[in-house]
K.L.:
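This is the structure I have questions about; it appears just below.
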Amino acid sequence: MTFKHNFKKVLSATAFAAALVVAPAANVSAATNDASSTQQSATATSQDQQASQDQAASQSSAANQSSSTSTSSATSTSTVKKTTKKAKKTTKKSKKKTSKKKAVRKVAKKTTKKKATKKAKKTSKKSTKKTTKAATAAVTASAGQSQATDQQDDAAKKAAEAAAKKAAAKKKAAAKKKAAAKKAAAKKRAAAKKKAAAKKRAAAKKRAAAKKKAAAKKKAAAKKKAAKKSAEKAAKYWIAMRESGGYYTARNGSCYGRYQLLISYLGGDLSKKNQERTADRYVYGRYGSWVNAKRFWLAHNWY
């Protein structure tokens, strides 16, 4: 029973060592579990066989002891020796079997360990390749995304610059247009002002000309009037001198005064003033002027 207990301990330690060797990384846990389960099943089978053998040996030994005891207590020393020899042989055989089993188990363990290690390495390589491939793909995707982001940023920057440039050009064009409109308006105002000034000057000139013309006309009229008045005065004086010699009291029959008017024309008023007024009324009423009366007098010697 002690051998069986020790054998179990050895098997447990071997399985634990195999598990430590087979499980180098988290990525090979599946392979390690498979190897451990295979090793455990092999160990259990070996334990069952050893237990059966030990039990048979124990039963045989017990049977031999009981048979030798029941035969008689006076059995000979040769029988005890034989029994001891037989037990030693059985123990040797058991030890040989145990060492053979240990060697087989050791070889199986090594083979299993190699297979598990190989499988673990293969799995680790595959996992590493997959991880590397995934990392490469992730880096490539990240680089592509970064490049796409950079391109988008560049495109956005270019679009913003183009928009700013367009806005600046539009603003400049608007300012230029505004300045041109302002200049045109100023020019138009200056032209209108100039035109108004010219019109004003022309109007002033026209007014001055009209005024001058009116003044000249007035002057001419005044001159004409003065000349007419002078002529009228001269004609009146000429008739007065021919009619009465210029006396207000001259009398010739029914005619009286400076202009020799009928006494009935004077209406009883023989004054100088009335004579002048009545003579003017008579001449302007009959001839229109003293000049015309003079012409008539020259033609008929009376008026």
Side-chain angles (χ1 to χ4, degrees), residues 164-303:
K165 198 173 182 181
K166 193 175 180 181
K170 197 173 181 182
K171 193 176 181 181
K172 193 175 181 181
K176 197 174 181 181
K177 192 176 179 182
K178 192 176 180 181
K182 196 174 181 181
K183 193 175 180 180
K187 196 174 181 180
K188 194 175 180 181
R189 283 197 303 272
K193 196 174 181 181
K194 193 176 180 180
K195 192 176 179 181
K199 197 174 180 181
K200 195 175 180 181
R201 282 197 302 272
K205 198 174 180 180
K206 193 175 180 180
R207 282 196 304 272
K211 196 174 180 181
K212 193 176 180 181
K213 191 177 180 181
K217 196 175 179 181
K218 192 177 181 181
K219 194 175 179 181
K223 196 175 180 181
K224 191 176 179 182
K225 192 177 180 181
K228 189 179 179 182
K229 193 176 182 181
S230 180
E232 286 289 301
K233 193 176 180 181
K236 189 178 182 181
Y237 179 79
W238 186 85
I239 288 173
M241 292 306 288
R242 291 295 181 276
E243 289 293 326
S244 64
Y247 291 101
Y248 286 99
T249 57
R251 187 168 187 158
N252 183 16
S254 59
C255 296
Y256 183 82
R258 182 179 175 88
Y259 303 99
Q260 290 298 294
L261 297 173
L262 291 174
I263 293 174
S264 59
Y265 289 171
L266 296 171
D269 186 4
L270 303 176
S271 64
K272 292 180 180 180
K273 193 175 182 179
N274 188 39
Q275 285 184 40
E276 292 290 337
R277 188 168 52 243
T278 303
D280 287 335
R281 187 169 55 245
Y282 169 75
V283 168
Y284 288 119
R286 184 168 182 171
Y287 302 107
S289 66
W290 284 102
V291 173
N292 292 337
K294 181 182 177 182
R295 283 198 199 101
F296 187 84
W297 198 100
L298 286 170
H300 301 93
N301 290 322
W302 65 275
Y303 73 104

K.L.:
So, for Ser244 and Gly257, which heavy atoms are closest and what is the spacing to 0.1 Å?
P.N.:
CB-O, 3.4 Å

K.L.:
As an exercise, state the distance from NZ of Lys228 to NZ of Lys224, rounded to the nearest 0.5 Å.
P.N.:
7.5 Å

K.L.:
Assign the ring pair Tyr248 / Tyr259 to parallel, tilted or perpendicular, where the plane angle (0 to 90°) is split at 30° and 60°.
P.N.:
perpendicular

K.L.:
Between NZ of Lys200 and NZ of Lys193, what distance do you get to the nearest 0.5 Å?
P.N.:
10.5 Å

K.L.:
Asp280 and Lys236: which non-hydrogen atoms are nearest, and at how many Å?
P.N.:
OD1-NZ, 3.0 Å

K.L.:
So, taking the atom named CD1 in Ile263 and the one named SG in Cys255, what distance separates them when rounded to the nearest 0.5 Å?
P.N.:
8.0 Å

K.L.:
Please give me the minimum heavy-atom distance between Leu266 and Leu261, naming the atom from each residue.
P.N.:
CD2-CD1, 4.4 Å

K.L.:
Students often mix this up, so state it plainly: with edges at 30° and 60°, are the rings of Tyr303 and Tyr287 parallel, tilted or perpendicular?
P.N.:
tilted

K.L.:
Quick one: do the Ser289 and Asn292 side chains pair a donor with an acceptor below 3.5 Å?
P.N.:
yes

K.L.:
What closest approach, in Å, do Arg258 and Gln275 show between heavy atoms, and which atom pair accounts for it?
P.N.:
N-OE1, 3.0 Å

K.L.:
Decide yes or no on side-chain contact (heavy atoms from CB on, under 4.5 Å) for Leu262 and Tyr256, but give the supporting numbers first.
P.N.:
CA-CA 6 Å; Leu262 291 174; Tyr256 183 82; over 6 Å; no

K.L.:
So, does Asp269 use its side chain to make a donor-acceptor pair with the main chain of Asn274 at under 3.5 Å?
P.N.:
no

K.L.:
In terms of heavy-atom contacts, does OH of Tyr284 have more than 12 from other residues, nucleotides or ligands at under 6.0 Å?
P.N.:
yes

K.L.:
What heavy-atom pair brings Glu232 and Trp290 nearest, and what distance separates the two atoms?
P.N.:
OE1-N, 2.8 Å

K.L.:
Within the supplied structure, the quantity of interest is the number of heavy atoms (other residues, nucleotides, ligands) at a distance under 6.0 Å from Phe296 CZ; does it exceed 12?
P.N.:
yes

K.L.:
Taking side chain as C-beta onward, heavy atoms only, is Arg281 less than 4.5 Å from Tyr265?
P.N.:
no

